S.K.: 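Handing you this structure, nothing more for now.
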Number of protein chains: 2
Amino acid sequence: MTLKDLQYIKQKLAYHGLKVTHQRLVIYQVLQETDTHPAAEGIYEKIKKRNPSISLGTVYKTLEVFVKKGLIKKINTSEGNMRYDARIDNHNHIYCTNTKEIIDFKDLELDMLVRAFLKRKKIGNFTLKEFRLHISGEKIDPGKHIEITG
Amino acid sequence: MTLKDLQYIKQKLAYHGLKVTHQRLVIYQVLQETDTHPAAEGIYEKIKKRNPSISLGTVYKTLEVFVKKGLIKKINTSEGNMRYDARIDNHNHIYCTNTKEIIDFKDLELDMLVRAFLKRKKIGNFTLKEFRLHISGEKIDPGKHIEITG
DNA sequence: TCTTTGTTGATAATTATTATTGTTTAAATT
DNA sequence: AATTTAAACAATAATAATTATCAACAAAGA
């Protein structure tokens with residue numbers, strides 16, 4: 001996290017009409033640095049080490065504010081726990097039912113494929129906001145990463 | 001619900017190694033008759049009218065048993081609430097963020113499209129269990145149904 | 001500076017779900 | 001048909017995740 005990045009986050013908060021506070025900076029920062037789609041609790045645990053005064057309630061509240069302002073996204077696992085994601089561009093998720101990991105999976109070809117399909121298949125009385133492909137299964141070797149090729 | 005249907009449910013339960021009890025019959029029956037993907041609470045409310053003695057805990061436990069045996073499926077809304085579905089064939093869901101409705105959306109073409117895509121795009125160190133397209137947006141007229149054409 | 005409004009931490013409350021326990025019941029066995 | 005037994009039940013307590021409350025504080029505006 002460079003000074004430049006910090007400036008950028010400050011701008012982002014201000015742009016969305018949010019006061020720039022230490023808590024908000026830290027929470028956003030941690031979420032941005034984490035690619036495991038943490039729960040509120042997980043973010044809180046990370047923060048606590050350096051900022052023991054920040055309360056869990058504030059983490060929940062702040063994340064919710066971010067979601068409402070469109071700064072971050074809220075997703076859920078198939079077990080029903082809420083997780084947060086600093087990536088707001090449309091992308092898909094691979095969920096491992098064993099390790100509970102959520103792995104990002106962005107693919108323009110797939111986006112186009114589905115988008116074209118939905119255009120053909122008209123859904124009446126409905127305005128589409130977004131679509132996401134949820135892929136679920138299990139890692140073969142939990143110690144290793146999932147690799148997307150081809 | 002005819003006598004034949006009831007017999008069929010009894011067979012289903014027995015086939016999955018479950019004792020046939022009144023509670024289980026009623027719970028499965030209600031879920032099967034409901035196409036709104038109810039929560040445990042919702043199923044309980046429906047049941048209560050005719051069977052005031054069945055407890056909410058039993059509804060939760062029974063649904064969980066059904067899920068484990070593969071008789072029904074558990075899904076969640078983007079708000080994180082668990083819902084149940086008697087349809088166990090793979091199908092997609094359209095979620096209305098306004099009315100909180102989940103509408104089934106089965107399309108073989110889409111299935112093939114995605115399946116072919118995933119075959120090309122190899123996901124290493126991972127065994128795929130299932131995929132589902134989550135479409136979310138809002139009904140234009142909440143009083144009317146969503147209609148899929150084309 | 002004074003006032004207003006927004007933010008925070010501490011804590012209480014709520015909601016959804018799961019666990020426990022004594023009792024009852026379905027179905028296997030006699 | 002009566003007895004046994006393991007599974008299932010209702011009632012209730014417990015837990016986990018999340019949200020609400022509220023007093024104290026900080027920043028922005030008058």
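Computed from a predicted structure; not experimentally measured. Just so it is clear: chains get the letters A, B, ... in the order the sequence lines come, proteins before strands, and each one is counted from 1.
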S.K.: Rounded to whole angstroms, how far apart are CZ on B/Arg24 and C1' on C/dT25?
M.R.: 11 Å

S.K.: Which residue, B/Tyr84 or A/Ser53, contacts DNA chain C at a nucleotide closer to its 5' end, judged by nearest heavy atom?
M.R.: A/Ser53

S.K.: Which nucleotide in the set D/dA7, D/dA28, D/dT18 lies at the smallest distance from any side-chain heavy atom of A/Lys19?
M.R.: D/dA28

S.K.: Looking for any heavy atom pair under 4.0 Å, which part of the strands does B/Val20 touch: base, sugar-phosphate only, or nothing?
M.R.: sugar-phosphate

S.K.: Counting any heavy atom closer than 4.0 Å, what does B/Thr58 reach on the DNA or RNA strands: base, sugar-phosphate only, or nothing?
M.R.: base

S.K.: With DNA chain C as reference, determine whether A/Pro52 or B/Met82 sits nearer its 5' end, using the nearest nucleotide of each.
M.R.: A/Pro52

S.K.: Which part of the nucleic acid, if any, lies within reach of A/Glu41 when heavy atoms closer than 4.0 Å are counted: base, sugar-phosphate only, or nothing?
M.R.: nothing

S.K.: Looking at B/Glu101 and B/Lys139, is any side-chain nitrogen of the basic one under 4.0 Å from a carboxylate oxygen of the acidic one?
M.R.: yes

S.K.: Testing the 3.5 Å rule here: is there a donor-acceptor pair between the side chains of B/Glu79 and B/Tyr95?
M.R.: yes

S.K.: Ion pair present between A/Glu130 and A/Lys73, side-chain N to carboxylate O less than 4.0 angstrom?
M.R.: yes

S.K.: I'd like to know if B/Glu147 and A/Lys122 make a salt bridge, using a cut-off of under 4.0 Å between side-chain N and carboxylate O.
M.R.: no

S.K.: OP1 or OP2 of D/dC9 less than 4.0 angstrom from a side-chain nitrogen or oxygen of B/Thr21, does that happen here?
M.R.: yes

